[in-house]
Chemist: 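Before we start, here is the structure in question, set down as structure tokens.
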Amino acid sequence: MTRVLLAALLATLFTGTALADTCKATATEKKLAGAALNSFMKKCQSDAKKACEADSKAKKLAGAAKKQAHDEMRQ
């Protein structure tokens with residue numbers, strides 16, 4: 001399941017869809033609430049951030065270009 005989630009997150013990065021919205025949509029689809037929702041969102045956003053960092057590293061971005069790429073992924 002982790003690989004599927006990671007693959008979905010990476011696919012999302014390349015399509016330009018906002019990751020926070022993806023996490024929220026997935027949580028809604030799974031009908032999570034309360035502590036389960038909080039735990040899922042924290043892990044999902046953490047995974048998204050790691051995927052974003054990996055993408056920036058793969059593209060060899062630094063400085064302003066890296067910041068801009070991260071800002072675009074958060075939207």
Side-chain angles (χ1 to χ4, degrees):
M1 173 142 171
T2 305
R3 289 183 182 181
V4 173
L5 181 60
L6 183 57
L9 289 173
L10 290 175
T12 303
L13 282 174
F14 295 114
T15 60
T17 306
L19 292 173
D21 291 342
T22 302
C23 291
K24 187 68 173 173
T26 304
T28 302
E29 183 179 302
K30 292 182 176 189
K31 299 179 182 175
L32 299 176
L37 174 63
N38 291 337
S39 176
F40 174 79
M41 289 297 289
K42 186 175 181 180
K43 176 150 179 27
C44 184
Q45 290 173 343
S46 173
D47 290 347
K49 184 175 179 182
K50 288 177 186 174
C52 185
E53 287 290 333
D55 187 50
S56 293
K57 189 172 183 178
K59 292 180 180 178
K60 299 180 182 179
L61 299 177
K66 183 177 178 179
K67 183 182 181 321
Q68 182 179 2
H70 285 233
D71 290 343
E72 288 175 2
M73 289 180 196
R74 285 188 203 129
Q75 292 178 348

Chemist: Between NZ of K24 and CG of L37, what distance do you get to the nearest 0.5 Å?
Modeler: 5.0 Å
Chemist: Would you compute the distance between atom CD of E53 and atom NZ of K66 and round it to the nearest 0.5 angstrom?
Modeler: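 The distance works out to 4.5 Å.
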Chemist: Distance-only, no hydrogens or angles: does the S46 side chain make a donor-acceptor pair with backbone N or O of K42 under 3.5 Å?
Modeler: no
Chemist: Supply the atom-to-atom distance C52 SG to L61 CG, rounded to the nearest 0.5 angstrom.
Modeler: 9.0 Å
Chemist: Looking at every heavy atom in both C23 and F40, which two are closest together, and how far apart are they?
Modeler: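 Where C23 meets F40 most closely, the heavy atoms are O-CE2, 3.4 Å.
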